[in-house]
Amino acid sequence: SVTQNNFLGTGKRVALAFNTSSATRLYQFAYTNPYYTVDGISRGFNLSYKETDFDQLIGADYSTNVGIAGLNFGLPISDTSRAGMGIRYQYTDFTAGLSPLAQQFVAENGNTFNDVILSANYSKDSRDTAIFPTSGGLRTVFGEIAVPGADLQYYKINYQEQIYVPLTSRFVFSLSGDVGYGDGYGDMASLPFFENYYAGGPRSVRGWKANTLGPRELLTDDPVGGNLKLTGSVELFAPAPVGGQFEKTLRLGAFLDFGNVWAMQDSDLLTSTGFDLGDLRYSTGLSATWLSPVGALSVSFAFPLNEKDGDDTQVFQFGFGQTF
């Protein structure tokens, strides 16, 4: 990917992205005018096409090809908060594969969908810095709904919050949470399952393999996510006990993660349905993040505290390009 914040000296932001792997293929173009009006309202356009093979990504055998054309606006509210809204046309081509859940979905709804989706968001960022913050917080609310008459009638809403509290000149306490819920309306009895939330992995509940928590298909034992997500983390950060170039580029942490996803609709094709706080998974461990010359590198050693039969655990995990 490449992003130019001052394209040809115009002040406009232009981004191009290409991503390919065994699970996904993405092509994306985005254009943003950050000062569309003198009041600082931004306007942006984006075009994207994404192929996803969920058999490679999470295990369930189905795939989607999604094309998007969107328009969005951003409104500054204060020095630390901003609101936005958007509209997009979304074309989805769905292939069921061998997944019983996917085959049932195609039998009931078809396999090609044309939708217009409205979205809105609000964020408040009072962190002292976006990298290795020591105080303040980040709060984000996001919601979207497919307009009445769309092929897929559903809505989703998500709330995220991160809080940083300096304990001493070296130690920082962090608390974060992420709650998401989606459902169908009108002719849709539930959220389309390929729009589900997932949990587990370096960016979620460390100690479990990515996207493996929550309900699974009864016949294949493949994870399929859920329409309700609850995850969070409590972490204590400290700079590395070394000087020199690592003093400001290496951060260590001790954490407690928790979370899971649930399917709130009845289905005889899933291993579990309904919400139960007893399903929450917990893990604890140590983390390290290094701001290397080529991007942020994060590693963790996590130890599940309440592993259940059938869980896919993973003690060592790492991420590149983003911090935990």
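The residues of the chain are indexed from 1 along the displayed sequence.
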Chemist: With sequence neighbours excluded, what pairs up with F113 under the ring-ring contact (aromatic ring centres under 6.0 Å, His included) test?
Modeler: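 Here the qualifying residues are F105.
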Chemist: Does one side chain, of T80 or R127, offer a donor that lies under 3.5 Å from an acceptor on the other?
Modeler: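 No, no side-chain donor-acceptor contact under 3.5 Å.
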Chemist: Does the separation of the ring centres of Y62 and F194 fall below 6.0 angstrom?
Modeler: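 So the answer is no for these two rings.
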Chemist: Determine, step by step, whether Y91 and D115 satisfy the side chain to side chain contact (heavy atoms under 4.5 Å, CB included) criterion, reporting the C-alpha distance in whole Å, the side-chain angles of both residues, the deciding distance to 0.1 Å, and the verdict.
Modeler: CA-CA 6 Å; Y91 169 80; D115 303 298; over 6 Å; no
Chemist: Can you list the residues that meet the ring-ring contact (aromatic ring centres under 6.0 Å, His included) rule with Y27, with sequence neighbours excluded?
Modeler: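 Residues passing ring-ring contact (aromatic ring centres under 6.0 Å, His included) with Y27: F18.
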Chemist: Walk me through it: do D183 and Y181 pass the test side chain to side chain donor-acceptor pair (under 3.5 Å)?
Modeler: CA-CA 7 Å; D183 203 354; Y181 179 77; 3.2 Å; yes
Chemist: With side chain to side chain contact (heavy atoms under 4.5 Å, CB included) as the test, would you mind laying out the steps for S287 and F301 before giving the verdict?
Modeler: CA-CA 6 Å; S287 67; F301 289 88; over 6 Å; no
Chemist: Salt bridge between D311 and R281, side-chain N to carboxylate O under 4.0 Å?
Modeler: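 Counted as a salt bridge, because a side-chain N and a carboxylate O are separated by less than 4.0 Å.
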Chemist: Quick one: list whatever passes side chain to side chain donor-acceptor pair (under 3.5 Å) with Y197, sequence neighbours left out.
Modeler: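 Checked Y197 against side chain to side chain donor-acceptor pair (under 3.5 Å); zero matches.
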Chemist: Test question: given the 4.5 Å side-chain rule for I, L, V, M, F, W and Y, name all other residues clustered with V205, or answer none.
Modeler: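 W208, L213, listed by chain and number.
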Chemist: Checking salt bridge (Lys or Arg N to Asp or Glu O under 4.0 Å) for the pair K124/D79: CA distance, chi angles, key distance, verdict?
Modeler: CA-CA 9 Å; K124 181 177 177 61; D79 291 340; over 6 Å; no
Chemist: Could you give the side-chain donor-acceptor pairs of residues 169-178 under 3.5 Å, partners two or more places apart or in another chain?
Modeler:
residue, atom, partner, partner atom, Å
D178, OD1, N158, ND2, 3.0
D178, OD2, Q160, NE2, 3.0
D178, OD2, K229, NZ, 3.0

Chemist: Please round to the nearest 0.5 Å and tell me the distance separating atom CG of L269 and atom CG of L219.
Modeler: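 L269 CG to L219 CG: 7.0 Å, rounded to 0.5 Å.
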Chemist: Name the orientation class of the two ring planes belonging to F258 and Y282 (parallel below 30°, tilted from 30 to 60°, perpendicular beyond 60°).
Modeler: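 Aromatic pair F258/Y282 classed tilted.
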Chemist: Tell me every residue that passes side chain to side chain donor-acceptor pair (under 3.5 Å) with N211, counting only those two or more places apart in sequence or in another chain.
Modeler: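 Partners of N211 under the side chain to side chain donor-acceptor pair (under 3.5 Å) test: none.
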Chemist: Would the number of heavy atoms belonging to other residues, nucleotides or ligands and lying under 6.0 Å from CZ of F316 be above 12?
Modeler: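 Enclosed: over 12 neighbouring heavy atoms sit under 6.0 Å from CZ of F316.
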Chemist: Can you give the donor-acceptor pairs under 3.5 Å from side chains of residues 49-57 to other protein atoms, not counting sequence neighbours?
Modeler:
residue, atom, partner, partner atom, Å
Y49, OH, E51, OE2, 3.1
D53, OD1, D55, N, 3.0

Chemist: Starting from the C-alpha separation in whole Å, work towards a yes-or-no answer on salt bridge (Lys or Arg N to Asp or Glu O under 4.0 Å) for E235 and R206.
Modeler: CA-CA 12 Å; E235 194 155 4; R206 287 165 281 188; 3.2 Å; yes
Chemist: Quick check for you: to the nearest 0.5 Å, what is the distance between R82 atom CZ and I41 atom CD1?
Modeler: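 With rounding to 0.5 Å, CZ (R82) is 9.0 Å from CD1 (I41).
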Chemist: To the nearest 0.5 Å, what is the distance between NZ on K209 and OG1 on T313?
Modeler: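 Between atom NZ of K209 and atom OG1 of T313 there are 8.0 Å.
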Chemist: Think R43 forms a cation-pi with F73, using NZ or CZ under 6.0 Å from the six-ring centre and within 45 degrees of its axis?
Modeler: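 No, cation not above the ring by the 6.0 Å, 45° rule.
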Chemist: Flag yes if more than 12 heavy atoms outside D187 fall under 6.0 Å of its CG atom; otherwise flag no.
Modeler: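 Not buried by this count: 12 neighbours or fewer within 6.0 Å.
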Chemist: Give the intermediate values and the outcome of side chain to side chain contact (heavy atoms under 4.5 Å, CB included) for residues D125 and T140.
Modeler: CA-CA 9 Å; D125 189 351; T140 304; over 6 Å; no
Chemist: Of all residues at least two apart in sequence or in a different chain, which pass the ring-ring contact (aromatic ring centres under 6.0 Å, His included) check with Y31?
Modeler: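 Once residues adjacent in sequence are excluded, Y31 has no partner under the ring-ring contact (aromatic ring centres under 6.0 Å, His included) criterion.
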Chemist: Do we see a donor-acceptor contact under 3.5 Å between the side chains of D93 and T112?
Modeler: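 There is no such pair (donor and acceptor under 3.5 Å, judged by atom type) between the side chains of D93 and T112.
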Chemist: According to a hydrophobic-cluster definition based on side-chain heavy atoms being under 4.5 Å apart (Ile, Leu, Val, Met, Phe, Trp, Tyr only), do W262 and Y155 belong together?
Modeler: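 Shared cluster, yes.
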Chemist: Nearest 0.5 Å, what's the CG-CZ distance between N72 and F45?
Modeler: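 N72 atom CG to F45 atom CZ measures 8.5 Å (nearest 0.5 Å).
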Chemist: Can you list every salt bridge (Lys or Arg N to Asp or Glu O under 4.0 Å) pair that touches residues 267-278, not counting sequence neighbours?
Modeler: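 Listed once each, the pairs would be none.
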Chemist: In this structure, would L228 and I145 fall into the same cluster of hydrophobic residues linked by side-chain contacts under 4.5 Å?
Modeler: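 As far as the 4.5 Å side-chain criterion goes, I145 and L228 are connected within one cluster.
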Chemist: What residue pairs, at least two apart or across chains, pass salt bridge (Lys or Arg N to Asp or Glu O under 4.0 Å) with a residue in residues 142-159?
Modeler: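 Those involving residues 142-159 are R88-E144, K156-E195.
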Chemist: Identify whether I117 and I157 are in the same connected component of the hydrophobic contact network (ILVMFWY, side-chain heavy atoms under 4.5 Å).
Modeler: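 No, no single cluster joins them.
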Chemist: Quick one: do L252 and L286 satisfy side chain to side chain contact (heavy atoms under 4.5 Å, CB included)? Show the steps, please.
Modeler: CA-CA 7 Å; L252 308 179; L286 302 175; over 6 Å; no
Chemist: Please enumerate all residues that pass side chain to side chain donor-acceptor pair (under 3.5 Å) together with K12, with sequence neighbours excluded.
Modeler: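 Partners of K12 under the side chain to side chain donor-acceptor pair (under 3.5 Å) test: none.
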Chemist: With sequence neighbours excluded, tell me which residues meet side chain to side chain donor-acceptor pair (under 3.5 Å) with E217.
Modeler: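 E217 satisfies side chain to side chain donor-acceptor pair (under 3.5 Å) with S99, T220 only.
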